[in-house]
Trainee: 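Sending over a structure as structure tokens; questions will come in a sec.
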Number of protein chains: 2
Amino acid sequence: MGTTQLETVPEPKYWHLKTVLSDALDSEFRVGEILPNERDLAARFGVARATLRQALEQLELEGRLQRRRGVGTTVAPPRVGIAVDPDRHTWPGAPGDDWQPVDAAEAEAPPAAVARLLETAPGDRVHIVRRSRVTHGQPVAAELLYVRADAVPDCSGVASVSAPARAAAVLHALQALELESQDRTVELGSARAEDARQLDRLPGAPVLVVTTRYVADGRTTAVAVSTYRADTCRLTFGASDPVALLAG
Amino acid sequence: MGTTQLETVPEPKYWHLKTVLSDALDSEFRVGEILPNERDLAARFGVARATLRQALEQLELEGRLQRRRGVGTTVAPPRVGIAVDPDRHTWPGAPGDDWQPVDAAEAEAPPAAVARLLETAPGDRVHIVRRSRVTHGQPVAAELLYVRADAVPDCSGVASVSAPARAAAVLHALQALELESQDRTVELGSARAEDARQLDRLPGAPVLVVTTRYVADGRTTAVAVSTYRADTCRLTFGASDPVALLAG
DNA sequence: TAGTGGTCTAGACCACTAC
DNA sequence: TAGTGGTCTAGACCACTAG
């Protein structure tokens, strides 16, 4: 150290602001506390509101802040560890999983990316089960589960029963099949309007998209696309005790 | 359907713009093609440049676009599937892994979050090995591997050899230990200045942070914090054939 | 109704790249 | 040097929440 680098590359204001705010959050604020409003903060730091907002957006992305229109900006609690695969090789809907069926429908055309995974031809019918995951009273994930209709033949054409009942029927039928394997991908996405509503966020909010492929009878039988709130969630894999893991 | 919903909730301009641009990307552009510059695009759609940029940022976040200062905005190729755990229960640096050691150092104070995982007391020494992962000629991830110094005692105090050699020495010493288990977490973060440089991105760029805990001898012996480019990477878990998975 | 964050504008200048 | 995306400003209005 000693002679530090010259300020030949001045860092952007919003980046410096983010650092200052981050330090302040650590030392001067407690979880849940409300920050001054954006106009006050901007004035206090001598920057335009847009610049201040750029810093706040970064901090929100990192899970340090929570902003709600009409309410204010609060200090966020540490991210929650969410077990994505508790090492159980079971179908969705197996006893003890953390998801709740919302409704179900039958459709001919899943999104192209899903159809590719399911290896369905155009016209092949699929069940679409919508589920949601709630932890500590907060919605953390929304899911669309696509199931080949020919894998659960007893579930078709029961339009009379309620949507939740249809969802339960599809999930129940899956349990009878032998699950050979499953694999997952995780990527960054932005919440579609529908998911955003379910997650209590604005459309476009950053989400972690987990795509799970369920293989049975030698082929991909179901595909789950689960979108987790990226601001509040930390996905855990193969951890026996998630709470012991990295917090913040 | 039939009577669609009234436009009682007009969607934001940037959100609509994003949809329009996304469709245009699918139909009128090929991968690698250069889009008109931001000023032209904004004029063409009759919006301010800032609004246009908001739409482009979303598309970049979703991996659809790639923007480079001084160059332009290009259509991004589909995200690359990156195997995070090819089901091999091995230490980092085992033969055949996809990481290349960059350098190594010895320090007293790892970040607080890492120290908590390693269960080190202040003053306990740790080795810090920097590694990088390259796929298809592109840097996709940067990693800091923290190793308890007392787990690899032969690696200390060899300041005379080169940094890469020190890194290799620490990695080599790890192979001799018996790995009991490992677990991971995935969360969204933003690239620190150092990582950003290594990933050829600007500071603050969105990254997927994978934290891996390596357990040996009944305790956490090493912790790897790997930051993957969120715009270009799709992390795969337990997939035998990543290329067969969801693309785009 | 008052106050908050979310959206949008029309400029300006800067840092970087490639010619 | 010309052209690109990145940063920043000083406003304005809107949508939402809570008293």
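These values consider heavy atoms only, across backbone and side chains, with no hydrogens, waters or symmetry-generated copies. To find a chain, count down the sequence lines: A is the first, B the second, and so on, and within it residues start at 1.
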Trainee: Rounded to the Å, how far apart are A/His16 NE2 and D/dC8 P?
Mentor: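 My rounded result for the distance is 12 Å.
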Trainee: Do B/Arg201 and B/Glu60 meet the salt-bridge criterion of a basic N to acidic O distance under 4.0 Å?
Mentor: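 Judged by the 4.0 Å cut-off on N to carboxylate O distance, B/Glu60 and B/Arg201 do form a salt bridge.
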Trainee: Taking 4.0 Å as the cut-off, does a side-chain nitrogen or oxygen of A/Thr73 come that near to OP1 or OP2 on C/dG5?
Mentor: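 Checking A/Thr73 against C/dG5: at least one side-chain N or O falls below 4.0 Å of OP1 or OP2.
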Trainee: Nearest whole angstrom, please: distance from the C1' of C/dG5 to the CG of A/Leu65.
Mentor: 13 Å
Trainee: Rounding to an integer number of Å, can you tell me how far A/Glu11 CD sits from C/dA15 P?
Mentor: 14 Å
Trainee: Would you please confirm or rule out a distance under 4.0 Å between OP1 or OP2 of D/dT4 and any side-chain N or O of B/Arg67?
Mentor: no
Trainee: Atom CD of B/Gln58 to atom P of C/dG6: distance rounded to whole Å?
Mentor: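 After rounding, the gap between these two atoms is 13 Å.
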Trainee: Considering only side-chain heavy atoms of B/Glu38, which listed nucleotide, D/dC8, D/dG6, D/dT17, is closest?
Mentor: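 Nearest to the side-chain atoms of B/Glu38, counting from C-beta on, is D/dG6.
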Trainee: To the nearest angstrom, how far is B/Leu56 atom CG from D/dT4 atom C1'?
Mentor: 13 Å
Trainee: Is the shortest side-chain N to carboxylate O distance from A/Arg131 to A/Asp98 below 4.0 Å?
Mentor: no
Trainee: Any side-chain heavy atom of B/Leu59 within less than 4.5 Å of one from B/Ser22?
Mentor: yes
Trainee: CG of B/Leu202 versus C1' of D/dG6: gap in Å, rounded?
Mentor: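 The answer, rounded to whole Å, is 8 Å.
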Trainee: Would you say A/Asn37 reaches C/dG3's phosphate, i.e. side-chain N/O to OP1/OP2 under 4.0 Å?
Mentor: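 For C/dG3, neither OP1 nor OP2 has a side-chain N or O of A/Asn37 closer than 4.0 Å.
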Trainee: Please give, in whole Å, the distance from C/dT4 P to A/Arg49 CZ?
Mentor: 10 Å
Trainee: Going by side chain to side chain contact (heavy atoms under 4.5 Å, CB included), A/Lys18 matches just one of A/Lys13, A/Gln58, A/Arg64. Which one?
Mentor: A/Gln58
Trainee: Of all the choices, C/dT7, D/dA18, D/dC8, which nucleotide is nearest to the side chain of A/Val71 once you look at every atom?
Mentor: D/dA18
Trainee: Heavy atoms from C-beta onward define the side chain here; which of C/dG6, C/dA10, D/dC8 lies closest to that of B/Ala48?
Mentor: C/dA10
Trainee: Should stems be defined as at least three consecutive Watson-Crick or G-U pairs with both distances under 3.5 angstrom, which of them involve DNA chain C?
Mentor: C:1-18 with D:1-18
Trainee: Once you round it to whole Å, what is the distance between P of C/dG6 and CG of A/Leu41?
Mentor: 13 Å
Trainee: Return the nearest nucleotide to the side chain of B/Gln54; candidates are D/dC8, C/dC8, D/dA18.
Mentor: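 Within the option list, the nearest is C/dC8.
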Trainee: Among D/dT9, C/dC8, C/dG5, which nucleotide has an atom closest to any side-chain atom of A/Ala50?
Mentor: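 Nucleotide nearest to A/Ala50's side chain: D/dT9.
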Trainee: So, do B/Gln138 and B/Val80 sit near enough that their side-chain heavy atoms are less than 4.5 Å apart?
Mentor: no
Trainee: Within the pair B/Thr51 and C/dT9, is there a side-chain N or O less than 4.0 Å away from OP1 or OP2?
Mentor: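 Yes, such a contact exists.
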Trainee: Under 3.5 Å, is there a donor-acceptor pair between the side chain of B/Arg166 and the main chain of B/Asp103?
Mentor: no
Trainee: Check every strand shown and say whether A/Arg68 touches a base, only sugar-phosphate, or nothing at a heavy-atom separation below 4.0 Å.
Mentor: sugar-phosphate
Trainee: Do B/Arg130 and B/Leu144 make a side-chain contact, defined as non-hydrogen atoms from C-beta onward lying under 4.5 Å apart?
Mentor: yes
Trainee: I want to check one thing: is the phosphate of C/dT7, taken as OP1 and OP2, less than 4.0 Å away from some side-chain N or O of B/Tyr14?
Mentor: yes
Trainee: Could you check B/Arg69 against A/Arg39 and say which one's nearest nucleotide on DNA chain D is further toward the 5' end?
Mentor: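 Its nearest nucleotide lies further toward 5', so the answer is B/Arg69.
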Trainee: Inspect the contact between A/Glu143 and A/Arg133 and indicate whether a charged nitrogen and a carboxylate oxygen are less than 4.0 angstrom apart.
Mentor: no
